[in-house]
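Single-structure report; data block below.
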Amino acid sequence: MANDASSRLERMSGMLKRRGFILPAFEIHGGAKGLYDFGPNGGRLRTRVNQLWLDHWTSLGNIVEISSPTITPYEVLEASGHVGEFSDFMTTCLACQDVSRADTLLEGAHPNPDSLNKDELDVLLQKNQPPCPSCATSDWSKVVAQNLMFNTTIGAGNSGRPGFLRPETAQGMFTSFTSLYRHFREKLPFGAVQVGKGYRNEISPRQGMIRLREFNMAELEYFIDPQTTPQHDLTKWDNVSFDLLSEDNGQVTMTIAEAIAKGIVRHPTVGYFMAMTYDFLVAVGINADRIRFRQHESNEMAHYATDCWDAEIEGSYGWIECVGIAHRGCYDLESHEKYTGKTLRARREFATPQEVVIDGWTIDGSIAGPAFRSLAGKVKTAVEQLPLETEFPISLNIDEQMISVESSHVKRLQKTETLTGEWFIPHVVEPAFGIDRIIWHVLDHAYTETTKQDDSYTMMKLSPSVVPIDYCVFPLFEKDGMSELAKMVNERFNSKRGIISSYDSSGSIGRRYARADEIGVPICVTIDHQSLEDNTVTVRIRDTGEQTRVPIDEL
RNA sequence: GCGAGCGUAGUGUAGUGGUUAUCACCGAGCGUUGCCAACGCUUGAACCCGGGUUCGAGUCCCGGCGCUCGCACCA
């Protein structure tokens with residue numbers, strides 16, 4: 001990093017701390033790595049970014065907002081693949097308290113211990129009793145998953161159930177699928193969004209706000225029918241050139257429609273969301289020239305993705321991925337379906353109903369039922385698989401038992417079924433936003449150092465859509481009723497929903513403008529002598545310094 | 001996690017083992033001024049934490065925590 005760039009970073013970090021944007025958390029207790037506070041100005045900035053994000057997606061009309069817990073039972077994240085992909089399985093030697101990886105201990109006992117789940121490792125560990133590498137005792141604790149997810153116990157003592165703090169908000173949308181499907185009257189496509197905290201116990205948080213242990217994320221899970229070609233109106237972006245770093249074509253610049261047409265972006269919905277993402281980033285104040293999209297290499301993709309584009313933003317730390325737009329296929333719903341046995345599917349009606357002719361065998365319930373008792377169901381399934389030519393009696397292996405199916409147990413089954421549609425697992429396209437990283441770059445791009453009369457001058461050219469304070473009201477001086485009038489104007493601003501105004505009377509007028517510029521207040525209003533006479537005030541614009549007189553009633 | 005460097009008011013900093021810890025900006029109050037960081041006076045605020053060496057530690061040593069960078073790990 002160039003020297004002037006890193007000293008700019010230092011000055012900016014100092015300012016962000018001094019002005020209450022972002023601060024290291026718990027500092028009076030020595031601080032905690034990877035955890036940050038949003039201060040008095042940052043808190044509101046974050047809320048406005050979150051709100052803008054929600055509005056951006058819910059305005060599409062078929063997207064709803066949900067909220068699910070951050071505490072997540074073990075099973076959910078085992079089903080999603082996170083336990084396997086995000087954790088190592090650890091066990092503690094009860095004699096010397098040394099911690100070892102369970103799969104490493106069992107390398108001699110199993111061809112591929114890495115593939116085992118927690119319970120299997122537990123069983124194998126108790127059976128094999130491998131010696132502890134440091135003290136040679138064989139007395140191991142229960143296996144616990146450790147590493148990138150924060151472990152916790154849900155409930156107290158022995159009744160406690162293992163869980164994690166969620167590493168992403170997405171799982172809540174998947175586990176709520178049936179409710180969402182019903183909410184949308186069983187019609188795809190639809191989506192659900194969630195803004196909230198996620199947690200990853202990073203081994204080594206770095207680069208300030210870029211890698212955190214607790215972070216703000218905002219995710220959309222958009223469920224689609226893989227057999228329907230999505231129609232998205234991309235004309236809005238016909239004049240926008242996107243910088244794309246594609247896996248096969250290298251760096252190219254083109255419209256999103258062109259990228260989809262050429263197959264560089266492999267799915268239209270992924271492309272549409274890339275364009276939507278671009279709009280959002282620009283709306284919160286990211287410099288459009290410093291946004292690019294990078295396609296993941298096949299070997300780099302997360303365990304769930306089949307195509308993935310990152311939106312990267314250039315800032316003080318170089319190009320940083322701030323949004324991941326992943327085509328997750330049917331991975332998540334399928335995983336939860338397999339794990340729970342619950343149906344997580346949508347129905348697709350056929351254009352023309354299909355006739356299916358069935359001509360084979362089934363059981364005669366009144367005879368086979370009493371004969372096979374609890375196995376009857378499985379016998380039925382097996383018999384219905386048999387070809388028409390089958391001769392009875394026949395021996396079948398049901399649950400390791402050889403049973404004989406007599407001709408009296410069965411009957412011919414001849415029917416014609418009309419299938420009007422089928423059930424399938426929807427595919428998912430997921431834009432996942434790292435809000436903290438975006439906020440960092442919003443601040444980074446807004447932070448402007450200039451000089452004013454040979455003095456260095458700092459201002460935050462924040463977009464009005466995200467500024468923490470909308471207006472500042474100053475009395476030019478505190479006498480003859482100017483401060484009263486200014487306080488009245490300030491209260492009037494504050495009484496408007498969603499508007500924050502701040503009153504400031506300390507220091508010279510120039511100092512107050514400078515203070516307002518540093519936290520990015522777009523408009524300052526000054527009350528002077530003339531205001532007392534004709535009810536007009538000076539309105540001063542942050543970015544230009546331009547002043548105009550405006551009647552109070554027109555503010 | 002390993003290695004290197006660093007840690008002093010809100011911010012940026014000065015500080016040979018020896019008074020009450022430097023300076024600037026900053027915040028608060030008062031006064032003068034009154035539309036772009038004005039001035040004067042008053043005032044507020046710090047040696048990351050814990051051990052050790054020493055008569056005496058901000059300064060030297062050890063450990064922890066945090067920050068930055070490199071390697072490793074990783075959305």
Side-chain angles (χ1 to χ4, degrees), chain A residues 1 6-7 9-20 23-36 39-40 82 85-88 147-149 167-168 170 198-208 210-213 215 217 219 294 296 300-305 308 310-312 316-317 320-324 326 430 432-434 436-437 450-459 472 474-480 482 504-518 524-531 537-542 544-549:
Chain A
M1 199 181 296
S6 77
S7 66
L9 183 56
E10 279 166 24
R11 287 191 300 277
M12 178 169 71
S13 303
M15 190 282 285
L16 292 175
K17 192 174 171 188
R18 186 159 37 83
R19 291 299 186 191
L23 314 88
F26 311 120
E27 220 185 3
I28 62 165
H29 285 284
K33 228 174 179 180
L35 301 175
Y36 276 83
H82 285 88
E85 295 290 329
F86 266 61
S87 323
D88 292 328
N147 246 347
L148 279 176
M149 293 193 288
E168 58 173 24
Y199 305 82
R200 291 180 194 174
N201 202 356
E202 295 288 351
I203 294 166
S204 174
R206 285 289 169 85
Q207 298 178 307
I210 303 300
R211 188 178 301 165
L212 300 170
R213 290 201 164 119
F215 47 95
M217 50 198 330
E219 295 183 300
R294 194 175 65 83
H296 280 205
E300 176 192 12
M301 273 183 290
H303 61 275
Y304 44 72
C308 188
D310 283 338
E312 298 185 330
S316 302
Y317 298 110
I320 298 289
E321 58 197 73
C322 295
V323 183
E430 175 202 78
F433 287 63
D436 308 275
R437 289 182 174 187
T450 54
T451 53
K452 202 163 185 174
Q453 271 117 45
D454 292 335
D455 271 343
S456 64
Y457 195 86
T458 304
M459 78 203 284
C472 275
F474 309 138
L476 190 56
F477 46 103
E478 287 190 284
K479 54 186 176 189
D480 302 337
M482 283 180 219
D504 187 358
S505 65
S506 77
S508 72
I509 191 71
R511 173 180 299 278
R512 284 178 265 168
Y513 284 142
R515 249 195 304 244
D517 283 343
E518 201 170 52
C524 294
V525 173
T526 300
I527 279 73
D528 60 11
H529 273 115
Q530 197 187 332
S531 311
V537 294
T538 306
V539 170
R540 181 257 195 189
I541 309 296
R542 177 192 67 198
T544 58
E546 190 182 311
Q547 300 188 14
T548 49
R549 281 208 83 81

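Numbers restart at 1 for each chain; the letters A, B, ... are given by sequence-line order, proteins then strands.
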Charged N to carboxylate O below 4.0 Å: is that the case for A:Asp528 and A:Arg549? yes

Nucleotides 27-34 of chain B: which of its N/O atoms have a protein N/O under 3.5 Å away?
| from | atom 1 | to | atom 2 | distance (Å) |
| --- | --- | --- | --- | --- |
| B:G27 | OP1 | A:Arg515 | NH1 | 2.5 |
| B:G34 | N1 | A:Leu476 | O | 3.3 |
| B:G34 | N2 | A:Leu476 | O | 2.5 |
| B:G34 | N2 | A:Arg512 | NH2 | 3.0 |
| B:G34 | N3 | A:Leu476 | O | 3.1 |

For B:C47, give the paired nucleotide (Watson-Crick: N1-N3 plus N6-O4 or O6-N4; G-U: N1-O2 and O6-N3; both under 3.5 Å), or none. none

Taking the C1' atom in each of B:C23 and B:G15, what is the distance between them to the nearest angstrom? 11 Å

Just by distance, no angles: are the side chains of A:Thr458 and A:Arg19 close enough, under 3.5 Å, to form a donor-acceptor pair? no

Non-hydrogen atoms of A:Ala432 and A:Glu219 that approach each other most closely: CB-OE2, 3.4 Å

Work out which heavy atom in A:Arg213 is nearest to a heavy atom in A:Asn201; give both atom names and the distance. NE-OD1, 3.3 Å

Nucleotide N/O of nucleotides 63-68 of chain B paired with protein N/O under 3.5 Å:
| from | atom 1 | to | atom 2 | distance (Å) |
| --- | --- | --- | --- | --- |
| B:C65 | O2' | A:Gly30 | O | 3.3 |
| B:G66 | O4' | A:Gly30 | O | 3.4 |
| B:U68 | OP1 | A:Gly208 | N | 3.3 |

Testing the basics here: between A:Arg437 and A:Cys322, what is the closest heavy-atom pair and its distance to 0.1 Å? CB-SG, 3.8 Å

Smallest separation among heavy atoms of A:Lys17 and A:Leu23, with atom names: O-CD2, 3.9 Å

Opposite nucleotide pairing with B:U13, Watson-Crick or G-U, both atom distances under 3.5 Å: none

Within the 4.0 Å heavy-atom criterion, would you say A:Lys452 contacts the bases, only the backbone, or no part of the nucleic acid? base

Nearest-Å distance once atom P is located in both B:A46 and B:G50: 16 Å

From CG of A:Leu23 across to C1' of B:U11 the rounded distance in Å is 12 Å

Does B:U20 have a Watson-Crick or wobble partner in any strand here, with both distances under 3.5 angstrom, and which is it? none

Only one of A:Thr548, A:Asp517, A:Thr526 passes side chain to side chain donor-acceptor pair (under 3.5 Å) with A:Arg540; say which it is. A:Asp517

Considering every strand and a 4.0 Å limit on heavy-atom distances, what is the contact class for A:Gln547: base, sugar-phosphate, or nothing? base

Taking atom C1' in both B:U68 and B:C26, compute the distance separating them and give it to the nearest angstrom. 25 Å

To the nearest Å, give me how far apart CD1 (A:Ile28) and P (B:A46) are. 14 Å

Using the C1' atoms only, state how far B:G12 lies from B:C6, rounded to an integer number of Å. 16 Å

Distance, C1' atom - from B:A4 to B:U22, rounded to whole angstrom: 30 Å

Using a heavy-atom cut-off of 4.0 Å across all strands, would you classify A:Asp528 as base, sugar-phosphate, or nothing? base

Here the pair of heavy atoms bringing A:Cys524 nearest to A:Tyr513 is CB-CE2, 3.7 Å

Would you mind reading off the distance between A:Glu10 atom CD and B:C25 atom C1', rounded to a whole angstrom? 17 Å

Can you find a heavy atom in the side chain of A:Ser316 that is under 4.5 Å from one in the side chain of A:Met12? yes

Can you tell me the distance, in whole Å, between the CE atom of A:Met15 and the C1' atom of B:C26? 14 Å

Do A:Arg18 and B:C26 have a side chain to base donor-acceptor pair shorter than 3.5 Å? no

Rounded to whole angstrom, note down the C1' distance from B:A21 over to B:G58. 8 Å

Rounded to the Å, how far apart are A:Glu27 CD and B:A9 P? 9 Å

Distance, rounded to the nearest Å, where A:Phe26 contributes CZ and B:C48 contributes C1': 17 Å

N/O donor-acceptor pair, side chain A:Arg540 with base B:C35, under 3.5 angstrom: no

Within-4.5 Å side-chain heavy-atom neighbours: A:Phe26 and A:Leu35: yes

Between P on B:G10 and CG on A:Leu16, what's the gap in Å once rounded to a whole number? 17 Å

Would you indicate what A:Phe474 reaches in the nucleic acid, counting non-hydrogen atoms under 4.0 angstrom: base, sugar-phosphate, or nothing? nothing

G-U wobble or Watson-Crick pairing nucleotide for B:C6 (cut-off 3.5 Å, both distances): B:G66

Using heavy atoms to find the nearest nucleotide of RNA chain B for A:Glu312 and A:Arg549 separately, return the residue whose nucleotide is more 5′. A:Arg549

Given the C1' atoms of B:G56 and B:C60, what is the spacing between them in whole Å? 13 Å

Taking atom C1' in both B:U8 and B:A45, compute the distance separating them and give it to the nearest angstrom. 12 Å

Nearest heavy atoms of A:Met149 and A:Pro167, plus distance in Å: SD-CG, 3.5 Å

